Amino acid sequence: MILVFSLSIQAQQTNLTKNFGIGSQGATPAFGGVSLRYNGLAPVYLQTVGRFILDDENADHMLGAGVSYAIFEHSGKWNQARLYFTLEGGWRYHKTMDTEKVIVETTTLAAGLAFGGELVFSLGGIPLGLNISIGQGIGRDITSTQSMGIAGVYVGAGIHAYF
């Protein structure tokens with residue numbers, strides 16, 4: 001009976017080493033959207049994030065990319081874990097209407113370095129990855145009237161289904 005139970009558990013085990021992932025990724029305060037990941041170059045991982053909200057008065061577009069290098073990876077029977085450093089960059093265009101009915105267009109260019117981790121496990125036979133990272137970012141906000149530098153700590157998190 002133990003042999004039958006052991007074989008049935010092994011038959012349900014999912015391969016967690018998939019090359020592509022799709023999901024949602026975000027970082028405070030304004031970057032985030034649909035995310036695509038490529039894991040085929042392990043321990044180097046590639047990721048893109050984007051969103052495009054089309055509205056006449058409140059447009060909000062974002063496109064970002066990152067390259068990660070795993071400094072630690074562990075593959076267990078039921079999950080995979082990795083710790084990584086990542087270099088990320090992003091572009092955001094945001095158009096809003098202020099209280100005086102004046103349209104304000106802001107373009108943000110930013111880049112940052114972060115340290116993070118990801119845990120990949122099987123949920124219903126689908127490899128699912130949860131990640132979180134914290135880092136330091138710098139950038140520039142450009143409007144029609146001013147240009148100012150920005151810097152700060154950001155926290156990012158995401159969820160991806162791998163196939």
Side-chain angles (χ1 to χ4, degrees), residues 13-55 58-96 104-143 146-163:
Q13 194 174 12
T14 304
N15 180 10
L16 299 175
T17 57
K18 303 290 184 171
N19 284 341
F20 294 98
I22 186 167
S24 178
Q25 184 77 28
T28 59
F31 289 92
V34 175
S35 173
L36 300 172
R37 284 188 159 201
Y38 180 68
N39 296 339
L41 301 173
V44 175
Y45 300 93
L46 307 175
Q47 179 172 342
T48 60
V49 181
R51 74 166 179 259
F52 296 94
I53 300 172
L54 303 175
D55 187 1
N58 297 310
D60 192 356
H61 315 306
M62 197 276 320
L63 187 61
V67 177
S68 302
Y69 180 77
I71 57 174
F72 172 77
E73 290 186 289
H74 172 73
S75 294
K77 187 173 183 178
W78 304 107
N79 60 33
Q80 277 187 337
R82 65 181 63 98
L83 296 174
Y84 56 84
F85 281 105
T86 182
L87 179 63
E88 302 170 340
W91 163 85
R92 181 182 182 208
Y93 171 78
H94 186 76
K95 181 170 79 170
T96 58
V104 177
E105 296 179 349
T106 304
T107 301
T108 304
L109 296 171
L113 182 65
F115 175 74
E118 182 176 34
L119 180 65
V120 180
F121 55 93
S122 177
L123 184 65
I126 299 171
L128 189 65
L130 301 174
N131 68 59
I132 189 164
S133 61
I134 185 166
Q136 175 69 44
I138 59 171
R140 180 155 297 278
D141 272 343
I142 303 165
T143 64
Q146 67 180 358
S147 174
M148 63 180 201
I150 54 174
V153 174
Y154 68 92
V155 177
I159 183 169
H160 295 84
Y162 290 101
F163 57 95

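Nothing here was measured: the structure is a model prediction, and the numbers come from that model. This chain uses plain numbering: 1 for the first residue, then up along the sequence.
Looking at every heavy atom in both residues, S35 comes nearest to Q47 through OG-NE2, 3.0 Å. Closest of all the heavy-atom pairs between V120 and P127 is CG1-CB, 4.2 Å. The heavy-atom pair separating S75 from Q80 by the smallest distance is OG-NE2, 3.4 Å. Between I138 and A151, the shortest heavy-atom distance links the atoms CG2-CB, 4.0 Å. Nearest approach of L119 to A81, heavy atoms of both residues: CD1-CB, 4.3 Å.
Considering only heavy atoms from C-beta on, N39 stays 4.5 Å or farther from E118 through its side chain. Between F163 and K18 the shortest side-chain heavy-atom distance does not fall below 4.5 Å. For the pair E88/Y154, a side-chain contact is recorded, criterion being any heavy-atom separation below 4.5 Å from C-beta on. Looking at heavy atoms from C-beta onward, Q136 lies in side-chain contact with V153 at the 4.5 angstrom threshold.
The distance from atom CG of L128 to atom CZ of F121, rounded to the nearest 0.5 Å, is 4.5 Å. Summarising the geometry, atom NZ belonging to K95 is positioned 15.0 Å from atom OG1 belonging to T143; distances are rounded to the nearest 0.5 Å. For the atom pair H94 NE2 and I53 CD1, the distance stands at 9.0 Å (nearest 0.5 Å). A distance of 6.5 Å separates CD1 of I142 from OG1 of T107, quoted to the nearest 0.5 Å. Distance check, rounded to the nearest 0.5 Å: CG of L130 to CG of N79 gives 11.0 Å. Atom CD1 in I126 sits 15.0 Å away from atom NE2 in H160 (nearest 0.5 Å).
Taking the six-membered ring wherever Trp is involved, the centroid distance between the rings of F20 and Y162 does not fall below 6.0 Å.
A side-chain contact (heavy atoms from CB on, under 4.5 Å) with R37 is found for one member of I22, N131, L46 and no other, namely N131.
Residue pairs that meet the salt bridge (Lys or Arg N to Asp or Glu O under 4.0 Å) test with at least one member in residues 106-116, sequence neighbours left out, do not exist here.
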In residues 62-74, what donor-acceptor pairs under 3.5 Å come from side-chain atoms, sequence neighbours left out?
| residue | atom | partner | partner atom | Å |
| --- | --- | --- | --- | --- |
| S68 | OG | T86 | OG1 | 3.0 |
| E73 | OE2 | Y45 | OH | 2.2 |
| E73 | OE2 | R82 | NE | 3.4 |

